[in-house]
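Below is one structure, written out as structure tokens; comments come after it.
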Amino acid sequence: MNHWLIKSEPDVFSIDDLARVKREPWTGVRNYQARNFMWKEMKPGDLALFYHSNAKPPGIAGVAKVAGVPYPDETQFDPKSEYHDPKTTRENPRWWLVDFEFVGKFYDLLPLESIKADPVLSQMMVCQRGTRLSITPVDPLHFKRACKLAGWGAHTVSG
DNA sequence: GCCAACGTTGGC
DNA sequence: GCCAACGTTGGC
């Protein structure tokens with residue numbers, strides 16, 4: 001199983017939103033590297049840290065799970081969508097996504113400040129300078145450590 | 001609101 | 001295929 005970190009602006013879509021809808025297509029990713037992670041590397045059941053970006057404070061808010069296999073992002077075909085891509089076609093879609101399913105919300109947000117202050121977690125890609133990728137792979141040890149620092153046992157994640 | 005980082009675009 | 005200009009991200 002692979003582990004991931006997915007960024008979302010809570011003003012747009014937060015961990016609470018995911019908790020409410022239970023399952024959400026991860027629309028709007030328009031970066032090839034991030035797309036490739038969803039398209040080629042994510043497997044159903046993979047766990048992801050749900051990160052609140054552009055938030056006060058920014059940090060990891062909970063855990064989500066890859067809920068199915070990749071399929072084309074419908075918003076790319078919609079001229080009214082802000083994610084519309086006029087250069088893509090239904091025959092050969094450019095943008096693919098997976099659904100994410102709610103797993104759990106941390107009792108307290110694990111702030112970026114704490115992530116940076118931790119000798120292990122500070123090596124996560126999300127806190128390297130200039131990393132703007134909205135989806136990044138996460139070392140399983142980092143995943144475990146993040147859950148632990150958030151007061152969330154591995155038993156909670158799996159069960 | 002600032003600005004560093006960096007991906008994308010487009011002229012050549 | 002180079003690279004300057006431009007746009008976006010996202011912490012601060």
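All of these numbers come straight from a predicted model, not from anything done at the bench. Every chain is numbered from 1, with letters handed out A, B, ... down the list of sequences.
Picking from C:dT8, C:dG11, B:dT9 the nucleotide with the shortest atom distance to the side chain of A:L112 gives C:dG11. The listed nucleotides are B:dT9, B:dG7, C:dG10; the one nearest the side chain of A:S53 is C:dG10. Between C:dG11, B:dT9, B:dG7, one nucleotide has an atom nearer to the side chain of A:R132 than all others, and that is B:dG7.
Here C:dT9 presents its P atom at 15 Å from OH of A:Y51, a figure rounded to the nearest Å. Rounded to a whole Å, the CD atom of A:E82 is 17 Å from the P atom of C:dG7. In this structure, A:L109 places its CG atom 11 Å from P of C:dG11, rounding to the nearest Å. The distance from atom CD1 of A:I6 to atom P of C:dG10 is 13 Å, rounded to the nearest whole Å. What separates NE2 of A:H52 from C1' of C:dG11 is a distance of 16 Å, to the nearest Å. Between the C1' atom of C:dG10 and the CD1 atom of A:I135 lies a distance of 16 Å, rounded to the nearest Å. A:R30 places its CZ atom 12 Å from the P atom of C:dT9, with the value rounded to the nearest Å. Between A:Y83 atom OH and C:dT9 atom P the separation is 9 Å, expressed in whole Å.
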Steps toward salt bridge (Lys or Arg N to Asp or Glu O under 4.0 Å) verdict (A:R90, A:E74): CA-CA 9 Å; A:R90 284 195 180 273; A:E74 193 61 29; 2.6 Å; yes
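Ion pairing between A:D85 and A:R94 holds under the 4.0 Å rule for side-chain N and carboxylate O.
Within the 4.0 Å cut-off from OP1 or OP2 of C:dC12, at least one side-chain nitrogen or oxygen of A:K116 is found. Considering only side-chain N and O atoms, A:K7 lies nowhere under 4.0 angstrom from the phosphate OP1 or OP2 of C:dT9.
In A:E41, the CD atom is crowded: over 12 heavy atoms of neighbouring residues, nucleotides or ligands sit closer than 6.0 Å.
Separation of the A:F50 and A:W26 ring centroids falls under the 6.0 Å cut-off.
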